Each structure stands twice: as C-alpha cells, then as structure tokens.
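Worksheet: one structure, shown below.
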Amino acid sequence: LGVLPPVQVINSRGAKEALTPGRVVFVKLGTGPPEPAIILRSAAQSSAPSAAAPARPRLVLSLNNTPSSSVNNANSESNDPSRQLYIIALNRGFPSTNTKPDAAPAPAPSTSQPDPAPGRIGLGGRIGKGQEAPKQSQTVKLPYHGLAGEVAYIVMQVSGDMVLQICKSKVKVEPEQILESMNPVAATRAVQSLQDILDNSNEVESLDPVKDLKLNEIDIVESYLQRSSCMEAMAAFKCHACPKLADQYGLVYQHRRIKERIQQLKYEVSDAALQQLPEYHQRMQVLEQLGYIDEEKVVQMKGRVMCELNSCDELVASEMIFAGVLADLEPEAAVALLSAFVFQEKTENEPMLGADLAAACQRIKDLALLAGALQKECGMDIDPQEYTRDILKFGLVEVVYEWAKGTPFADICMLTDVPEGSIVRTIVRLDEACREVKDAARLMGDSALFLKMQTASERIKRDIVFSASLYVSKA
C-alpha cells in the first residue's frame, strides 16, 4: 500500500464525479498508514488557500511501508489545481503529526447593514425587511488542528493522487462552516461521522472500479481491487480500538527508522557504495609503480610532494620536479614552464622559445605521455596523446617568460592572440603555483629550487597585473 494508485484512477470520470463533498476516502499522509477523511471541497469549487496535510496513522499493517515525506509537505506533490481536495481527517498524534490544536479563528466583527429594500438581494442572499445582513465569512488558515472532545482532527488540502481508497459511504457535512469559520459543531459532527465509519467496517467498502469509477483497463482494475481488498481487511483489525495505539506505533516507527539508518550506514561504509572503486584501485596501482606509495599503501616522499601541488596536474608536475627539469632553468624560464600547467585556453600562435626552454617543454611533454601510457596500462580509460594535450598548454610560455624578464604589459600582449584578461589571470595563478612548488622544495630539502621559485614569484609580481584594481594606475 506504500505505492499510490495509478493517476488514471484519480483522473477517471467516475472518480471526479465521486470526489464530492461528504465522500469518505482514505488518504496517504505523512509517515503513517492510510487516514480516513471526508471530502469538504475541491479546489475547482473554491479558491481557498492551499495548506499542508498532517495525518493520523490508523492501519498498523502499513508499518511494512517505507516512511514517506513529512505531512507538512504532503500537498507539494501535485500543483494541478483541478486535483486538489480540501478534507477533514482524524489525527491522533502519530510520529510526524504530533501537533498541538490550533486556536479557533476569531469571529469577524458584526457588520449590521440596513435592508436596502424589501425583497432585494443583500450581502448573503435575499433578506427581508428589518433583518441584518449576514456576517462576513472568514477563511481558516490551513492546516488547522482541532479537537472534537478527545479526538484530534485536522483540516487541510491534499493532492488528488494521495487518495488511496474512495469509499461508498457518504456523510452529511457542512463545508462552508468548517472551511470558512471552523464551526466547532460542524467539525464535531464530521469527526463523529468518521468515528462511526471506523466502528463499522462494512462502511469502508470501496466503489466498484468498473460500475462506479468507469475504469476499463484490466491492469488498473485488478490493482485497484487488490488495494481495496487490503484496505477493507485492515480496517477490521481490532488493534485500532486500542487507546495506546499511537504510542505503540510511535515506538515501532522509531525502531524501524533506526534499523533503516543502520542499513544505510553499513552500505555507505561497504565497498558496494564506492561507484569508482575499480578506478580507485587503478590509480593506486599507478601511484605504486611511480613510487608515490609503497606496497603497503604508505605515502612516500614523492606522494607528500604531490600533495603540495593543487593548482596544476599533480602527477605530471611532481614527475617534472623529481626529474630535475626546473633545476637547469633560470627563474624566468622556470615560471614560464609552469604556465603550461596553469594556462588552459586555446591559441593559434606558436611561441618562439629559446633552446633551453624549448627542450624543457619537450621533456615535460614526454613525462606527460609516459604518465598517460602508464595509466592506460593499469586499465584506466585514457588516451596518452589526448591526456597530454589536455593538461599542457604552451600558448603563454613566451608571454610569461618576457613578462618575468621585465617586458612591459603592452608589449607582451602583442606576442599572442590571447585576451589581456586571460594573460592577467594566468600570471596571477602562476604566483600560487610558484608558492606550491616552493613548499614542495622545502619539503624535499631542495634549497636551490626553493630560492629559484621565490625569485620567479618576485619577478612576475609587478606592475598592472598585481595592482589592486585595473582602473588604478600610477600618475
């Protein structure tokens, strides 16, 4: 019974004709079993405000269901106004619906009006001479929680697709008195009618799906009959007369929620929850073969250095550092080489590089190809050539080199077709990359590399690129 009936049932011509004021239905609200309720009005008949829908669980066999969303969000499942219903339902304070009764709305002030003329239409209809016009109606704020004696009830708006069963029973109800002024007498009569129906299981018989609801699809009819049979059988259970049913259900409900939470946590810590588990083992194999971890999965020095690099591809950058590519370069060339990791845009211009810098670019390209090939051998879906093109972009190597040498910004912009904003952004990010490599050098104990990256950072941090604002310049 946890699955709502097909939409075809609610949208059938017979169901639309049956869901009229006074019809007894069972609805699924909150985390509890189906609730007995009386239709007060459909949204198509009134523009009363929408409201949430708490519910009182009544049928204990529904404990086998997975708890649904809270009652306060019950009316959010359908935004179709033609399928919204205003109902009054019993509410005995089950787990998700333990809400204190609301205060009754204050009566509207008396607005006596003289008879406009004998036989004329007044504010509330045809009125006679000397009579006062009726009081202005007041709309009740929904959901409304109330008490009829010792029986809790609730008035709210629900979507039509939350109706589980449409009963043959139909009772006399006063929708206007309940929805507009929350008349306690009218509400008590409706609640008493529901109580009488609960005491007599014969009155919860469902409408015939073929004769009454005009359903003609075999699958839907069979499903509806099976559901209705279960609902009628459950309504006859004697346990519903127990005065401690709400407390007992609450304990069982909490116990079930705890068991479900335990199962969820067990799944989350299991290998089955790791959707990327195969790729995880493949990457661990790559790290082990390159010496970043040992056979016991203990992080080695290369792994610790790799953890310091976050602004570029960690694997290839670490291989570059340990291969000594930066050791043979001047600070200006070293920071220019790092721009290949930071710059990620496309450019048609080929940089004009010196022999040392061009050789260094080729070395890191070879290291990237080797890293990509190793990852492919370990089972990862990687093309070494494409991997190299994705992580290394040499479009601004010459630009950064000239900038570090002291060339004015206007001149370096003439060396490439890359927009000025991208150049500034790349150089700013390069400063972060220099700090990371400097930290890696400190961790390795390489003082020469540390001083080189410190100098490189100082060379690029100048002029308009690192101004507080591009709109601020020296006089």
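When a residue number appears, it is its place in the shown sequence, counting from 1. On a predicted model such as this, the values are computed, not experimentally measured, just so you know. Computation of the quantities below employed the complete heavy-atom set of this structure, encompassing side-chain atoms and omitting hydrogens, waters and symmetry-equivalent molecules.
- Within the 4.5 Å cutoff, the side chain of C434 has heavy atoms near those of the V335 side chain.
- The list of salt bridge (Lys or Arg N to Asp or Glu O under 4.0 Å) pairs with a residue in residues 382-403, not counting sequence neighbours, is empty.
- Side-chain contact between M453 and S457: absent, with no pair of heavy atoms (C-beta onward) separated by less than 4.5 Å.
- E432 pairs by the salt bridge (charged side-chain N to carboxylate O under 4.0 Å, His left out) definition with R435, not counting sequence neighbours.
- Using a 4.5 Å heavy-atom cutoff, the side chains of I364 and F394 are in contact.
- Among pairs with a residue in residues 367-379, none fulfils salt bridge (Lys or Arg N to Asp or Glu O under 4.0 Å), at least two apart in sequence or across chains.
- Under the 4.5 Å side-chain criterion, counting only non-hydrogen atoms from C-beta, L315 is in contact with Y387.
- For the pair V400/L430, a side-chain contact is recorded, criterion being any heavy-atom separation below 4.5 Å from C-beta on.
- The side chain to side chain donor-acceptor pair (under 3.5 Å) contacts involving residues 353-365 comprise Q362-D366, where partners must be two or more places apart or lie in separate chains.
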Indicate every side-chain donor-acceptor pair of residues 298-310 with a distance under 3.5 Å to a residue at least two apart or in another chain.
unit_1	atom_1	unit_2	atom_2	d
Q300	NE2	D294	OD2	3.3
Q300	NE2	V298	O	3.0
K302	NZ	L290	O	2.9
K302	NZ	E319	OE2	2.9

Assess the residue pair V155 and L179 against the criterion (side chain to side chain contact (heavy atoms under 4.5 Å, CB included)); give the C-alpha distance rounded to whole Å, side-chain angles, the decisive distance to 0.1 Å, and a yes or no. CA-CA 8 Å; V155 180; L179 290 176; 3.9 Å; yes
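- Looking at Q285, its side chain never comes within 3.5 Å of a backbone N or O of H281 through a donor-acceptor pair.
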For residues 441-452, please give each side-chain donor-acceptor pair under 3.5 Å, one per line with the distance, not counting sequence neighbours.
unit_1	atom_1	unit_2	atom_2	d
R442	NH1	D439	OD1	2.9
D446	OD1	A448	N	3.3
D446	OD1	L449	N	3.1
K452	NZ	L326	O	2.8
K452	NZ	A327	O	2.9
K452	NZ	L329	O	2.7

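- The side-chain heavy atoms of V316 and F341, taken from C-beta on, include a pair separated by under 4.5 Å.
- Looking at L337 and V397, their side chains never come closer than 4.5 Å, going by heavy atoms from C-beta outward.
- Partners of E279 under the side-chain hydrogen bond (donor to acceptor under 3.5 Å, both in side chains) rule, at least two apart in sequence or in another chain, are R283.
- Scanning for salt bridge (charged side-chain N to carboxylate O under 4.0 Å, His left out) contacts around E17 gives R13, with sequence neighbours left out.
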Only distances under 3.5 Å count here; give the side-chain donor-acceptor pairs of residues 416-424 to other protein atoms, sequence neighbours excluded, each with its distance to 0.1 Å.
unit_1	atom_1	unit_2	atom_2	d
T416	OG1	V418	N	3.2
D417	OD1	T347	OG1	2.5
S422	OG	E345	OE1	3.1
S422	OG	E345	OE2	2.8
S422	OG	R425	NH2	3.3

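- Applying the side-chain hydrogen bond (donor to acceptor under 3.5 Å, both in side chains) rule to E268 yields the partners Q264; only residues at least two apart in sequence or on another chain are considered.
- Here the straight-line distance linking atom CG of L287 with atom CD of Q289 works out to 10.0 Å at 0.5 Å rounding.
- For K297, the salt bridge (charged side-chain N to carboxylate O under 4.0 Å, His left out) partners are E288, not counting sequence neighbours.
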Pair F26, V163 - check side chain to side chain contact (heavy atoms under 4.5 Å, CB included), show working. CA-CA 6 Å; F26 280 84; V163 177; over 6 Å; no
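- Annotation: side-chain hydrogen bond (donor to acceptor under 3.5 Å, both in side chains) contacts of S311 (sequence neighbours excluded): E436.
- Note on ring orientation: taking the six-membered ring where Trp is involved, the planes of F409 and W403 are perpendicular (angle over 60°, cut-offs 30° and 60°).
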